[in-house]
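Below is one structure, written out as structure tokens; the observations come after it.
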Amino acid sequence: MELNRETYISALIDRKHNGLIKMITGVKQSGKTYLLFTLFKNHLLQQGVDSNHILEFFLKDRKSRKFRNPDTILDFIEDSIKDDKQYYVFLDEVQMLDEFEEVLNSLLHIRNLDVYVTGSNSKFLSKDIITEFRGRGDEIHVYPLTFREFIQAYDGDRYEAFKTYITFGGLPYVATTNTDTQRIEYLIRQFQTTYLKDIEERYQIEKVREMDDLIKVLASTIGALSNPTKIAATFKSELNSDISVPTIKQYITYLEECFLISEANRYDVKGRNYIGTPVKYYFEDVGLRNAKLGFRQIEETHLMENVIYNELRARGYLVDVGVVQSKELEAEDSYITKFLEVDFIAYKGDKKYYIQSAYRLPDAAKVKQEKNSLIHINDQFTKYIIVNDIIRTHRDDDGIIWMGLFDFLLNDECFID
């Protein structure tokens, strides 16, 4: 079955011929190559582009090894341009091309050439490279399938689909595989032979076991506040390891660079400033997270929170974790300051939303707990509680909008200002 990734195809179409290098990034196996070399190529062909005007390079393939040489690939591309019509160059896993920054800058000088590259490591979008491109790079980050995309390929109702989704994630292969056994085997195998091996080799990791343990620790603490110092204490007390805080910081950076995890910073809503540590870490794909733990910790509350975070990011929002200070009466004339958590603050342009993720609301006490932080926010931006239940979207007496999880996941335009 062909997965239609409309959001990303539209993004590529909107950026055609804009004079910039289109950089398609994302975690391995998220569908970047399929997006560019199948879906976008089909679009070009349907628009009348001649196939010999599309130059494709799969740089990770052995047969393309010669094209990893910068002079060889530049000469080949220049020799392939036979007329003044528009040409397109697709470079898969561009970080495998030697001196790729200079190659891409050279390609920008060819007037009738439109350049698209993919990469599974954000290192090729580092500050040094951005400076080298001088603002001539345009990033499109491809996430694993959202639930709305996933359910298009799923044979079953949305309840069964969501259970499968929060267990096995949104990598395209998972969505098109029929049995849980195949999904489990694929995810566990991919993590060990592709993701972890790639990190070890790319960064020349010496403490292989510690890196493996670190991923497990991060996987076990999604949705919880953490920092490298706290993680180091966990290593010492539970794993009898003396791995240093600087090493943990470096390893976390590697995981972020490979798009396996992302960091959500804490923001003081009333103070209007970032707090620093601790922060929260989320996995770009919950299936990979679960695979690393052997599918033994399927905590639906935390996984739902991770899914909402990923959904917001895939829709183009910047996402922080919110903190609200509140003075509450403890005893007669005695107040204490409490720090209340807002699961997410989502930003896009001039829009901002406060969002709570509530897997279950069994009683009035739990309802009060979820609302407490939102009630203490006094600005004009809209506040949401997303509930894993079938409810009618409505605004309560405190101005908070209640929304069912499926109404959120299946509708990109669900927010009400």
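Being a predicted model, the structure only gives us computed values, none of them experimental. Computed over heavy atoms, backbone and side chain alike; hydrogens, waters and symmetry mates excluded.
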Assess whether a salt bridge exists between [X] and [Y], defined as any Lys/Arg side-chain N lying under 4.0 Å from an Asp/Glu carboxylate O.
X      : Y      : answer
Asp398 : Lys383 : no
Lys292 : Asp212 : yes
Lys249 : Glu263 : no
Lys366 : Asp363 : no

Q: Validate the cation-pi geometry between Lys352 and Tyr347: distance from NZ or CZ to the six-membered ring centre under 6.0 Å, angle to the ring axis within 45°.
A: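 No - Lys352 does not lie over the ring of Tyr347 by the 6.0 Å and 45° rule.
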
Q: Please determine if Arg315 forms a cation-pi arrangement with Phe408, meaning its NZ or CZ atom is less than 6.0 Å from the six-membered ring centre and no more than 45° off the ring axis.
A: yes

Q | Side-chain heavy-atom pair Ser357, Ile386 within 4.5 angstrom cut-off | A | no

Q: Could you walk me through whether Tyr309 and Lys280 pass the side-chain contact (heavy atoms from CB on, under 4.5 Å) test, one step at a time?
A: CA-CA 11 Å; Tyr309 174 81; Lys280 288 188 178 185; over 6 Å; no

Shortest non-hydrogen contact from [X] toward [Y]:
X      : Y      : result
Leu97  : Phe67  : CD1-O, 3.2 Å
Met211 : Ile205 : CE-CD1, 4.0 Å
His376 : Leu340 : ND1-CD1, 3.8 Å

(Q) Could you walk me through whether Thr177 and Phe168 satisfy the side-chain contact (heavy atoms from CB on, under 4.5 Å) test, starting with their C-alpha distance in whole Å, then the side-chain angles of each, then the deciding distance to 0.1 Å, before giving a yes or no? (A) CA-CA 11 Å; Thr177 301; Phe168 301 111; over 6 Å; no

Q: Would you kindly say whether Tyr203 and Glu257 are connected by a side-chain donor-acceptor distance under 3.5 Å?
A: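 A pair is found: one side chain offers a donor N or O, the other an acceptor, under 3.5 Å apart.
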
